[in-house]
Each structure stands twice: as C-alpha cells, then as structure tokens.
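One structure is given here, and the rest of the page talks about it.
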Amino acid sequence: GYDVLMRDEDEVSATGGGPVYDEVVNAIQQRAVGELAIFGYSHGGGSTYDLCERLDTFRATIGSFTTTHWSGRSGSCSTRPMTLPSGPTA
C-alpha cells in the first residue's frame with residue numbers, strides 16, 4: 001500500500017516543521033512507510049526543500065526511511081535519482 005497526501009505549502013514552516021512534517025513522521029513511525037516521494041513547484045518547491053532539510057536533521061530520531069525529492073528548487077535530502085515519465089509537456 002501507499003499513502004498519498006496533498007498539502008498546501010503554507011503548512012510547512014521555514015524550519016520545515018508543521019502539520020506536514022508531523023504527518024510524515026507519523027506515517028514512518030506508525031504506518032511503516034519507508035519510502036517518501038516529496039513533490040513541489042513554485043512556492044511549494046521551497047517548502048519541500050525545508051521539509052526535506054528537517055527530515056534529514058532529525059532522521060536518527062524518526063526511524064528508517066529513504067527519500068526521493070523533486071521540486072522546482074534544487075536541493076537534496078538524502079535523495080536518490082528519480083526518473084520522471086517522458087511525455088508531452090504543456
């Protein structure tokens with residue numbers, strides 16, 4: 001199974017904390033989610049970066065997980081390459 005969550009960028013603070021971070025940590029610790037894919041664009045790109053930075057900072061206390069991070073802003077949080085499907089672009 002998998003979880004899919006869509007959240008607003010304003011739910012992630014500049015430190016990466018907030019309801020989105022809390023939900024991700026809950027998914028890892030309570031629902032055995034072990035692989036994350038975090039997407040964002042425009043302002044959400046910055047929020048995904050902040051979220052990933054916080055997840056990396058507290059990785060040892062959260063539990064075991066891997067992260068695929070793609071956004072409109074460069075950065076990493078223990079990322080591994082992600083192949084996006086090819087196809088037409090609008």
* Heavy-atom closest contact (Gly44 atom, Glu9 atom, distance) -> CA-CB, 3.7 Å
* Asked: Do Arg54 and Val24 come within less than 4.5 Å of each other through their side chains, counting heavy atoms only?
  -> no
* Structure fact -> Heavy-atom closest pair (Cys52 atom, Ile38 atom, distance to 0.1 Å) is SG-CD1, 3.7 Å
* Compare all side-chain heavy atoms of Leu36 with those of Ile28 and state whether any distance is below 4.5 angstrom. => yes
* Give the minimum heavy-atom separation between Leu51 and Gly16, together with the two atoms involved. => CD1-O, 3.8 Å
* To do: Keeping the roles fixed (side chain from Gln29, backbone from Ile62), state whether a donor-acceptor pair exists under 3.5 Å.
  => yes
* If you take all heavy atoms of Phe39 and Thr48, which pair is closest and at what distance? -> O-CG2, 3.3 Å
* Are any non-hydrogen side-chain atoms of Leu55 and Phe65 less than 4.5 angstrom apart? -> yes
